[in-house]
Structures are given as structure tokens and as C-alpha cells.
K.L.:
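Have a look at the structure that comes next, please.
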Amino acid sequence: MSQTSTHPALRFLGATRTVTGSRFLVETSDRRILVDCGLFQGLKEDRERNWKPFPISPSDIDAVVLTHAHIDHSGYLPALVRDGFSGPIVTSDDTAKLCEILLRDAAHLQEEEARYANEAGYSKHHPALPLYTREDAEAVLPMFTPHALEAPIDIGGGIMVELQWAGHILGAASATVDLLAADGSDRRVFFSGDIGRPTHPLLEPPADPPDADVFVVESTYGDRTHPPAEAEMQRLAAAINGAADRGGMVVIPAFAVDRTEVVLQALHELETAERIPRLPIHVDSPMALSVLGLYRAAIAGNDSGIRSDMLGSSPFDTSRIHECRTTQESMKLAELTYPSIIISASGMATGGRVLHHLARLLPDPANAVILTGFQADGTRGQRLAGGERAVKMFGHYIPVRAQVEVIQSFSVHADADEIVAWLRRAPREPQTCFLVHGNESASRALQDRVIAELGWCVAVPRRMERVLVD
Ligand SMILES: [Zn+2]
């Protein structure tokens, strides 16, 4: 049973001292609103939480507010709906469209993983089961209720929600949940969602934080500053040129949403400036290609999230782009004998087609693997970034002899300097600013900075912690 109280409260159900599993519950005497419904990814102890019953009965939740489509924010929705949630899922139009692609793919990956585990016999569970099925994902899609940004949304029970542009990926929003008490008092909780960089090459920078009593802010890069973009472009060009000179292949594990777009845009820029040779570029991910279609449509359709100088342009279309949709097209890439670039999901090499490319190409020192952004603890991407000499895939260890580079400038998260500068633009100091969606060291480092530079009351909550917002 859920804990009820006459005092409005906020419960941190996930993304506390870790970067995945974003789930926050706002409770009033008669309403429960879940902000984000993410999957735990990365470390096994986190992933195992996906299999535990949801901390409150899903049928007791009145509405979900979804900040953006990334699976660590949306990927538990199929399980929540299967287990009884039947309310609206309040989000932006672009997020609803992206979720159609992402949730179907997430379910497909769950099914594939269970199938591989059963075939190869490497699962502890017999038979290995998917967390949820494609049917479970399909059941979520009609429940999305897309809303315009910066327009009040009445959830009922005296709760209003407003979404504002977060600049992280297409459709990404921050959410303000407004709790209007019967006595006319008003408490506002602001959830940043994931906050983008002011320098995103395609997207408008995030809107300034609003007037609110409580802030819940991400801290993925709370302990880091992104290196200057030009230095990173230099390293990207050097890695591609090195592999091309050695006659090798370049594999870029890339998140299907936004990262593939930003990588293609960077390759386009390097090619045009003749800083890299014009190599064939294979985008090997049906999901990334579907998302690319949405980005192209957003640019052509003057979507409000697209930078005005990008409208009407075609920033992704390098000279030799090949789209691999079918498994056969993907498998054919194994026959390539000349330097080329493969962009494939998933971005942290936790699953997807990129694993087959990595298993084949990591053992050869002629090749290069370019990681593009945050790699969560416990993922293969993080092990590769950390210099491990062998990584486990499909039940076997694969030697890592290829060159491995991490290019941070592809990150779609604001760094510590950018978050502090953004928070500084809040119209007033909140009563408390909670830092979530970061490893503990990242959240703590950002806590120190916000206290030192803004003088706010800043806390790093524990998982399942409950605080009052009265
Ligand atoms: Zn995100």
C-alpha cells in the first residue's frame, strides 16, 4: 500500500546516486503523480531492481509525467501499464513519437536478450524471460497525451503541470508540478529532467529554471567540465584518420536518439573541411534511422526545439551514407574489406547490433572504437573506456586490441559549469534543491559547487527517501 498523508510529499524511487531509473513520485492527500518511469541500466544490482515489484501499486498512480524518451526515463512504462497503471502519460508531442520507436525497440531487445541467453545457456534463470514483451510496449502507446510546451496542463485534484524546453534531445522537457491546496496555498516542484548543453549543434538551449519551491535537478556531469569542442573534433578526426591509414574500420556505438544525429553532423563537418577522408558511413540501427527521420522532419517542419540556424538545412547527409535496416544488411557489413565507419546502437554497448560489430572488430589493432558520451558504471562501454583488455559478450571474453577513444563533446548533458550557470538564472532560490541522476561523487561535487556559488540548500537524496513539500 502507498503511504498517504495530508501533507504533499516527494519520493525518490530511482536515479538517486546513480544515473538510471529516473522515477519520482509526487503525492498529495488524494493524488499520486509519477514523474518519469525509467529503467535501471548498468550495474547488475541496479538492473535487478527492474524485476522487483514497483514500490507502490501502479494502479494507485493517477498520471505519469514523462520528461523525455530516453529509456532510463521511459523504459519501465510497459511494465507499469501491464501491472495496472491506466492513467494518462503527459508529455510533449516529439517525446510521444520517439517513445513509439524506443519502447518497441526496448521490448524487442528484452525479448532478444532472453532468446540469446536461452540459446547460449548463459542465463542463471531457466528459461530466461524478457522483462516485458512487445505487446506490453504496444499497450503503452495509446496512453500518451501529447501537450504543447509552456501551457498549463490540468491533472485534476488541484495539480497542474507545465512542460518547458530542456534542450537535451528532441522533445525533451523539464516539468513543473504545481500543487494547489484547498486553502489556496500553492507549492511547486520543478523537475529538470535531463538538461542539454547551451552549445548543442542542432537544438535550442534549455529554457531558464522557473520560480519553484523545490528543485529536482540532474547531475550526470556534476563533477566534470566537458573539454573544448575543437580539441574533441581533433581527436575524433585523428582516430578516424588513424584507422583509415591502417586499413581498419571505425565503430561508433551511438545512442539512437540524438547521438547518431550529432555524430553524423560532426562527420559531415569534418568531411566538408577535408579533415577526414570521405569514407562510407553505415548507420546500422533501424531505430536510429527511424529517429533520424523524426529529426529530419523536425528540421524541415520548423520544430520549436531546433536551432533557428539549422532550420531548412540537411546536416546529416554525408556523401556516402548507407542505411542498414534489415538483419541481412547488417550482417553484410562483416564482409567489408576497406576502411569505413559503422554507427550502431546501443551507445553504451549494452545490447543491440553494435555488439556483433564490436565482437568482430575489437580483436584487430587496425580498427578504432569511438565511444560517444556518458558510459554508465557496469556497462561494456564503461569497461572499454576504462581500458579493459578483454570484455565479455555473448558469454565469451573478446580481446580488446583496437584503439578505443571517448569523445565527450558529443554529450547531450550540461556539464557542471553549465548546470551552475543555468541554476543561477532561476528567478529565486528554491527552499531545497535535490540532486539526482548522477553517480554519488558527481552529485556530491555539484552539491558542493551549488552551495559554494549560489548558497542554496542542496541535498543528495537516498533511494526511497520521502520529503515533505508542504
Ligand atoms: Zn536523457
Side-chain angles (χ1 to χ4, degrees), residues 14-16 18-24 34-42 46 64-77 89 91-92 94-99 101-103 105-106 149 163-175 191-207 216-222 224 226 253-263 287-288 291 294-295 298 305 345-348 350 371-377 379 381-382 408-415 418-419 422 435-439 442-443 446:
T16 47
T18 185
V19 289
T20 64
S22 274
R23 306 167 176 185
F24 312 107
L34 184 68
V35 177
D36 285 344
C37 184
L39 211 59
F40 286 101
Q41 296 167 306
D46 281 334
V64 171
V65 176
L66 182 60
T67 62
H68 67 288
H70 275 150
I71 289 299
D72 61 321
H73 294 256
S74 71
Y76 193 78
L77 281 169
I89 302 168
T91 194
S92 71
D94 283 327
T95 296
K97 284 183 194 152
L98 282 168
C99 275
I101 301 168
L102 264 71
L103 292 180
D105 184 79
L149 303 186
L163 304 172
Q164 66 171 52
W165 178 242
H168 170 60
I169 61 169
L170 194 66
S174 304
F191 296 88
S192 71
D194 288 359
I195 284 295
R197 305 193 65 192
T199 53
H200 193 293
L202 304 168
L203 303 178
E204 284 287 335
V216 179
V217 174
E218 74 127 318
S219 55
T220 315
Y221 284 96
R224 272 172 278 176
H226 294 314
F255 300 96
V257 186
D258 201 273
R259 200 64 47 86
T260 299
E261 285 71 21
V262 175
V263 167
M287 176 166 64
V291 174
L294 287 183
Y295 268 76
S346 73
M348 296 190 281
T350 50
L371 298 162
T372 56
F374 192 82
Q375 305 294 322
D377 283 347
T379 60
Q382 194 242 12
Q408 293 295 359
S409 61
F410 288 133
S411 174
V412 290
H413 288 272
D415 66 17
E418 291 162 349
I419 291 177
W422 177 74
L435 297 178
V436 297
H437 200 290
N439 291 335
S443 299
L446 187 61

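Counting starts at 1 for both ligands and their atoms, in listed order.
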K.L.:
List the residues meeting side chain to side chain donor-acceptor pair (under 3.5 Å) with S92, not counting sequence neighbours, and say none if there are none.
P.N.:
T95

K.L.:
Which label fits F255 and H70: parallel for a plane angle under 30°, tilted from 30 to 60°, or perpendicular past 60°?
P.N.:
tilted

K.L.:
Once you measure the plane-to-plane angle for Y221 and H413, does it fall in the parallel (<30°), tilted (30-60°) or perpendicular (>60°) bin?
P.N.:
tilted

K.L.:
Could you work out, with salt bridge (charged side-chain N to carboxylate O under 4.0 Å, His left out) as the rule, every residue matching R224, not counting sequence neighbours?
P.N.:
none

K.L.:
With 2.8 Å as the threshold, which protein atoms of type N, O or S lie near the Zn ion (ligand 1)? Leave waters out.
P.N.:
H68 NE2, H70 ND1, H168 NE2, D194 OD2

K.L.:
Determine the minimum heavy-atom distance between H73 and D36, stating which atoms define it.
P.N.:
ND1-OD2, 2.7 Å

K.L.:
Quick one: list whatever passes side chain to side chain donor-acceptor pair (under 3.5 Å) with D258, sequence neighbours left out.
P.N.:
H200, Y295

